[in-house]
Amino acid sequence: MTWSPESWRSKTANQQPVYSNQSALDAAIARLNQLPPLVTSWEIHSLRQQLAEAEQGRAFVLQGGDCSESIDDCSTDSIVRNLKVLMQMSFVLTYGTKKQIIRIGRIAGQYAKPRSSSEETRGEVTLPVYRGDIINRSGFTKTEREPDPTLLLRGYEHAALTLNFIRALSAGGFADLHHPENWEMEFAKDSPRGKQYHSMVESITNSLQFMEKVLGTGIIASRGVEYFTSHEALHLTYEQAQTRTVPRRTGWYNLSTHFPWIGNRTRELEGAHLEYCRGIQNPIGVKVDAMIDGDELVELTKILNPQNEPGRITLIHRMGASKIEQQLPRLIEAIQSNDRRVLWVADPMHGNTFATDSGKKTRDFGQIVSELQSAFKVHTACGSRLGGVHLELTGENVTECVGGASQLTESDLDRAYKSAVDPRLNYDQAMEIAFSISDQIKSQNGNQK
Ligand code: PEP
Ligand code: CO
């Protein structure tokens, strides 16, 4: 079948909202078609090259952010905190691994969510489920749950505001390695990993200053960092509206994000999401759980990457701590025996979600760490390589996942549970994960020598 930005419409598209007002939808799409892109094809190609480096073990991906971004929470503070925590984590990872760290936020467009049911019932009332801020509203009234096409524009605008601020911060002094104090967090000082982090920062800045004094010149020329964006390419009408050609390049680009990914619930081989993604030039992520079989996975990589190009596909496995050691090897072997080029990334969050007795969705920090450790172990044992991690996290001091150094329990969850969908790691937990990954890569590198 010939691909076009709308060829997905001839396939089954799961998890799509049903709009009742077609002319309002058409008007919103027409406007989206006119608006300037959020990212450029140069950036997209640069990310693809860097992901190819990660495939070779020369770089490592740190992908993280909210499960679901909120338009109301689009504020200076939340953007700065998320950028800070990713900066600090990547600092730890660079120091520990000596690899280039590719920072990718789940940010500036992570507004559409797949749901397990299309309706939600509370008492006697049943309404359409909340599908993310770009589609409807989380309040439980008929009006709020009605898919609203104007939210496509609100989401797009907030993605643009967010990205504008991130670009300014990461290009200028904020992200300068000479001034890590810019990324301080006030509560970090008392956290267990905070102390370890500060002594590491001190030692790096001291040696950097020392070397620059001795040499009489700057060692690190650039005072900025690269920071890429990603979101689940779920709402295909929206994604299509930002799919463009660019001068002097062949092919189509999704210019709403650098790195779109296909969710685990929409990865059917015959489905609309694969059809849409196979035709764009962006690097593509695909979430896979323990249910996929090896042949299906190989077929999926052939559909999305017929030329078997490096950097094109990132497989993000999210198996669950109790399943990964049993289920991941057969997938790695299927990819290896068919010589498919992929980058493997571990998402230790989505296979480990459970509900507490009071009905709160949470995750146990111990299981998250355990799945990550197993991921490193399995890849090494199979002669493969884990090239990155995918995390739901925030720089805020929320209480959404239990466990970690500050030993949050189920009774702490009520204190600061803010996520509208999945539970995120808080600042301390995120830093602890960064140190744990860095230790594992160090020991892996040691083993390889
Ligand atoms: C997510 O990343 O928020 C998500 C829904 O993941 P998955 O597709 O792996 O279930
Ligand atoms: Co999630």
Side-chain angles (χ1 to χ4, degrees), residues 13-17 61-70 73 82 104-118 129-135 138 155 229-236 239 257 259-269 271-274 276-277 284-292 296-297 300 304 313-321 323-324 327-328 331 344-355 360-364 367-368 371-372 375 388-394 398 400-401 417-426 429-430 433:
N14 289 326
Q15 300 280 347
Q16 304 303 292
V61 171
L62 172 63
Q63 186 178 12
D66 289 328
C67 177
S68 174
E69 275 181 280
S70 146
D73 278 356
N82 280 357
I104 309 178
R106 284 175 63 115
I107 201 164
Q110 177 48 20
Y111 290 120
K113 296 307 300 172
R115 306 311 310 263
S116 49
S117 165
S118 55
V129 75
Y130 168 64
R131 289 187 178 277
D133 276 9
I134 207 164
I135 294 169
S138 59
T229 63
S230 67
H231 67 246
E232 180 171 346
L234 182 72
H235 190 352
L236 295 176
E239 304 301 332
T257 189
F259 184 48
W261 80 82
I262 301 174
N264 187 52
R265 288 199 181 89
T266 49
R267 58 165 170 70
E268 314 83 24
L269 299 184
H273 291 80
L274 244 72
Y276 168 73
C277 285
I284 306 289
V286 189
K287 294 281 210 93
V288 289
D289 68 359
M291 302 298 285
I292 196 163
E296 188 184 353
L297 185 63
L300 182 148
L304 290 174
I313 296 195
T314 300
L315 294 178
I316 307 166
H317 49 73
R318 32 86 88 220
M319 307 260 146
K323 296 196 187 126
I324 182 166
Q327 302 293 338
L328 184 57
L331 300 183
W344 292 101
V345 164
D347 166 357
M349 313 296 293
H350 287 86
N352 295 311
T353 316
F354 65 95
K360 277 228 150 53
K361 255 190 179 184
T362 188
R363 291 163 175 154
D364 185 318
Q367 287 194 324
I368 294 169
E371 178 158 356
L372 267 180
V389 290
H390 180 116
L391 303 164
E392 288 186 341
L393 55 82
T394 167
V398 298
E400 297 173 4
C401 292
Y417 196 106
K418 298 192 186 158
S419 174
V421 189
D422 286 341
R424 301 161 295 177
L425 299 168
N426 64 20
Q429 292 167 331
I433 291 272

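Ligands are counted one by one from 1 in listed order, and the atoms in each one are counted from 1 as well.
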- Message: Between ligand 1 and Met349, can you find any atom pair, the residue atom being a heavy atom, that is separated by under 4.0 Å?
- Response: no

- Query: So, Glu296 and Arg267, do they make that salt bridge, N to O below 4.0 Å?
  - Reply: yes

- Query: Does Gln110, backbone or side chain, put an N or O under 3.5 Å from an N or O of ligand 1?
  - Reply: no

- Message: So if I apply the salt bridge (Lys or Arg N to Asp or Glu O under 4.0 Å) rule between Glu400 and each of Arg363, Lys360, Arg424, which one comes out positive?
- Response: Arg424

- Item | atom 8 (O) of ligand 1: nearest protein contact (heavy atom, Å) | Asn264 N, 2.8 Å

- Does the side chain of Arg131 come under 3.5 Å of the side chain of Gln16 through a donor N or O and an acceptor N or O? no

- Among N, O or S atoms, Asp422 approaches the Co ion (ligand 2) most closely through OD2

- Query: Below 4.5 Å, heavy atoms only, C-beta onward: do Leu274 and Glu268 meet side chain to side chain?
  - Reply: no

- Task: Kindly give the atom name of the N, O or S atom of Glu392 closest to the Co ion (ligand 2).
- Result: OE2

- Task: Check each atom of ligand 1 against the heavy atoms of Arg106 and keep those under 4.0 Å away; list them by number with element.
- Result: 1 (C), 2 (O), 3 (O)

- Message: I need the atoms of ligand 1 closer than 4.0 Å to a non-hydrogen atom of Cys67, numbered in the order shown.
- Response: 3 (O)

- So which heavy atom in the protein is nearest atom 9 (O) of ligand 1, and how far is it from that ligand atom? Arg318 NE, 2.7 Å

- Would you say the side-chain atoms of His390 and Arg106 include a donor-acceptor pair closer than 3.5 Å? yes

- His350-Glu371 side chain donor-acceptor pair, cut-off 3.5 Å: no

- Message: For ligand 1 and Glu392, I'd like to know whether there is a polar contact (N/O to N/O, distance under 3.5 Å).
- Response: yes

- Query: With respect to atom 5 (C) of ligand 1, which of Pro114, Gly65, Gly263 exhibits the smallest heavy-atom separation?
  - Reply: Pro114

- Task: If you have a sec, work out which protein heavy atom is nearest atom 4 (C) of ligand 1 and how many Å separate them, to one decimal?
- Result: His350 NE2, 3.4 Å

- In terms of residue, atom name and distance, what is the protein heavy atom nearest to atom 7 (P) of ligand 1? Lys287 NZ, 3.5 Å

- Query: Does any non-hydrogen side-chain atom of His235 lie less than 4.5 Å from one of Ile134?
  - Reply: yes

- Message: I'd like to know if the side chain of Thr394 reaches the main chain of Asn426, judged simply by a donor and an acceptor atom lying under 3.5 Å from each other, with no hydrogens or angles considered.
- Response: no

- Report yes if some N/O of Lys113 lies less than 3.5 Å from some N/O of ligand 1; otherwise report no. yes

- Taking side chain as C-beta onward, heavy atoms only, is Glu239 less than 4.5 Å from Leu234? no

- Task: For the atoms SG of Cys67 and NE2 of His350, give the angle they form at the Co ion (ligand 2), rounded to 10 degrees.
- Result: 170°

